[in-house]
Amino acid sequence: MPELPEIETVRLQLAKVLPGKKIRKIEILKLKSFQGKKELAEGKEVIGVKRMAKVLLIDLAGDIDIAIHFKMTGQLVFEPAVQKSTKYEVPSAKGRIVGGHPTKDFTGELPSKHTRVIFRLDSGTLYFNDQRLFGWVMVNSEFKIQNLKFLQNLGPEPFDITGEEFEKLVSRSKRPIKLVLMDQTVISGVGNIYANDALWEAKVNPRRLANTLRGNQYKELYKSVLGVLREGIRYGGATAADAKYINLHGLGGHYQEHFRTYDREGEECLREDGGIIHKFSLGGRGTYFCPVCQR
DNA sequence: TTAAATGTTTAAAT
DNA sequence: CATTTAAACATTTA
């Protein structure tokens, strides 16, 4: 599910609470969701929380890393340790840190039926939940994780390149521009939501072949990719439509309230140019655009 | 019942 | 070889 801004949002939150805490025990509830050796992490202290594109990295003492890929429906929930003074309080979602795919697991009792891995800390508990089981948690040496094929093959994040480099990377392909934006080996971190919105911002048709953008469209697209990603981070990521219950608790992000095209099929283009947002399938993914301004 | 969902990989077809 | 399409991976919801 989550793209770069959603993972970055979790990272920022977890970076406030995890460093200094120790992993006491890792419980694997679903084998498919876990790779590596949990013993390597048990007893180790968290040093920092990092991110590579859409992958979250929890850095532990002794050059051990926990890598987490959320895929479509992964989520993390950090439950702080219950304070003695609140011993008699009814358990609530208050004080939780949540991130990733929004479901009622954010606020419900944990572990839930979607909980796949539990990290017992010396203070608090971190739950990895994943409805569709595409995601994974990996514990291994920093070396092994850095050498994962998936991470090795990642292209640079948009934040780390110039407009000229962006144009060079993207225009090498003759595929439709949207597919190239979402190709993690070309540019990493951009997924379906932000690709749709960035193309709208730059007034580029998702189908346009990546080597045939006109004039300043490469520069415009570069700027709009950075823009929507930064905005996503500023709003704490997107938490999608079924998040009413979650927002009630003040959890989850708000980017979904600022979608340009995503999930707006049939609605008027925000530019009020008379266009109606049209949806079609490109590369097997829902693709939204305005036929008037994105030609 | 069918389709689609913030992702990635693989195989088969062009 | 480059590219495209479809399917696969589970599950849930519309």
Side-chain angles (χ1 to χ4, degrees), chain A residues 1-10 29-33 35 51-56 67-76 98-106 108 112-116 129-136 138 148-155 171-198 206-207 209-212 225 228-229 231-233 235-246 252-265 279-288:
Chain A
M1 143 273 178
E3 306 178 36
L4 188 152
E6 286 71 33
I7 306 299
E8 177 64 9
T9 299
V10 192
L29 282 64
K30 195 78 181 178
L31 263 182
K32 182 181 190 291
S33 304
Q35 298 168 61
R51 181 187 57 73
M52 281 183 72
K54 302 174 188 175
V55 177
L56 187 78
I68 302 177
H69 201 309
F70 292 59
K71 291 290 183 81
M72 295 287 265
T73 59
Q75 60 178 204
L76 282 179
V98 302
H101 185 67
T103 67
K104 57 182 178 353
D105 302 270
F106 274 178
S112 71
K113 67 171 170 179
H114 301 124
T115 300
R116 311 306 183 190
N129 304 329
D130 184 15
Q131 183 169 282
R132 283 166 75 179
L133 294 170
F134 294 171
W136 43 259
M138 183 179 298
L148 283 178
K149 205 174 85 181
F150 178 77
L151 292 182
Q152 285 289 309
N153 288 342
L154 283 179
S171 62
R172 277 208 294 242
S173 174
K174 295 172 181 163
R175 298 142 73 202
I177 183 65
K178 177 162 180 267
L179 300 186
V180 178
L181 279 183
M182 293 175 64
D183 184 339
Q184 303 300 299
T185 68
V186 178
I187 302 286
S188 65
V190 180
N192 200 29
I193 289 180
Y194 295 94
N196 277 303
D197 278 6
R207 275 198 176 99
L209 303 185
N211 61 332
T212 66
V225 167
V228 295
L229 291 178
E231 194 176 315
I233 293 169
Y235 287 117
T239 314
D242 63 343
K244 288 170 197 146
Y245 178 66
I246 289 150
H254 296 271
Y255 181 77
Q256 68 277 6
E257 293 154 27
H258 305 270
F259 286 160
R260 276 75 161 169
T261 60
Y262 186 80
D263 205 23
R264 298 184 80 106
E265 183 184 18
K279 181 187 181 187
F280 70 101
S281 181
L282 181 62
R285 309 303 304 277
T287 301
Y288 303 79

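Labels below follow one simple rule: chain letters A, B, ... track the order of the sequence lines, proteins then strands, and each chain is numbered from 1.
- Residues meeting the side chain to side chain contact (heavy atoms under 4.5 Å, CB included) test with A:R51, sequence neighbours left out: A:L4, A:I7, A:E8, A:R11, A:E157.
- Shortest non-hydrogen contact noted between A:V190 and A:Q184 is O-NE2, 3.0 Å.
- Contacts between residues 171-181 of chain A and DNA chain B, defined by a heavy-atom separation below 4.0 Å, involve no residue at all.
- Across the protein-nucleic acid pair, A:I193 atom CD1 and B:dA4 atom P stand 17 Å apart, rounded to whole Å.
- The separation between A:N153 atom CG and B:dT8 atom C1' is 12 Å, rounded to whole Å.
- OP1 or OP2 of B:dG7 has not a single side-chain nitrogen or oxygen of A:Q184 nearer than 4.0 Å.
- Side-chain atoms of A:Q75 come within 3.5 Å of backbone N or O of A:H101 as a donor-acceptor pair.
- In this entry the distance linking CZ of A:R285 with P of B:dA5 reads 7 Å, nearest Å.
- Among the protein residues, A:G283 comes within range of no part of the nucleic acid, since none of its heavy atoms lies under 4.0 Å from any strand.
- Using atom P as the reference point in both B:dT8 and C:dC1, the two lie 25 Å apart (nearest Å).
- Computed from coordinates, the A:Q35 CD to B:dT9 P distance equals 12 Å when rounded to whole Å.
- Of the possible donor and acceptor atoms, none in the side chain of A:R116 sits under 3.5 Å from a partner among the backbone N and O of A:L133.
- In textbook terms, a nucleotide whose glycosidic angle is within 90° of 0 is syn, and C:dA10 is one such case.
- Using a distance-only test at 3.5 Å, with no hydrogens or angles considered, a donor-acceptor pair links the side chain of A:D130 to the main chain of A:G135.
- Counting only distance, with no hydrogens or angles, the side chain of A:S173 and the backbone of A:A210 share no donor-acceptor pair below 3.5 Å.
- A:D183 has its CG atom 13 Å from the P atom of C:dA2, to the nearest Å.
- Checked against side chain to side chain contact (heavy atoms under 4.5 Å, CB included), A:Y235 has the following partners two or more places apart in sequence or in another chain: A:E231, A:H254, A:Y255, A:H258.
- Rounded to whole angstrom, the span from the CG atom of A:L282 across to the P atom of C:dT4 amounts to 9 Å.
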Taking N or O atoms only and anything under 3.5 Å, show me the protein contacts with nucleotides 8-11 of chain C, one pair per line.
| unit_1 | atom_1 | unit_2 | atom_2 | d |
| --- | --- | --- | --- | --- |
| C:dA10 | O4' | A:R132 | O | 3.2 |
| C:dA10 | N7 | A:R132 | NE | 3.1 |

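- Judged by distance alone, with hydrogens and angles left aside, the side-chain atoms of A:Q35 form no donor-acceptor pair with the main-chain N or O of A:W136 at under 3.5 Å.
- Of the C1' atoms belonging to B:dA5 and C:dT4, the separation is 22 Å, rounded to the nearest Å.
- Atom pair A:L209:CG and C:dA2:P shows a separation of 17 Å (rounding to whole Å applied).
- B:dA3 sits 13 Å from C:dA6 when the P atoms are compared, rounded to a whole Å.
- Residue pairs meeting the salt bridge (Lys or Arg N to Asp or Glu O under 4.0 Å) criterion with at least one member in residues 185-198 of chain A: none, sequence neighbours excluded.
- Using a 4.0 Å cut-off between charged side-chain N and carboxylate O, A:R175 and A:D183 make a salt bridge.
- The nearest whole Å value for the distance from the CD atom in A:Q152 to the C1' atom in B:dT9 is 18 Å.
- With A:N196 as the fixed residue, the side-chain contact (heavy atoms from CB on, under 4.5 Å) test singles out one of A:R285, A:K279, A:K178, A:R260: A:K178.
- In this structure, the side chains of A:V55 and A:L148 stay at 4.5 Å or more apart for every pair of heavy atoms.
- The residue A:F150 sits close only to the backbone: its heavy atoms come under 4.0 Å of sugar-phosphate atoms, none of a base.
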Reading 5' to 3' and counting Watson-Crick or G-U wobble pairs with both distances under 3.5 Å, write the dot-bracket notation for DNA chain C, | for bases paired outside the strand. .||||||||.||||
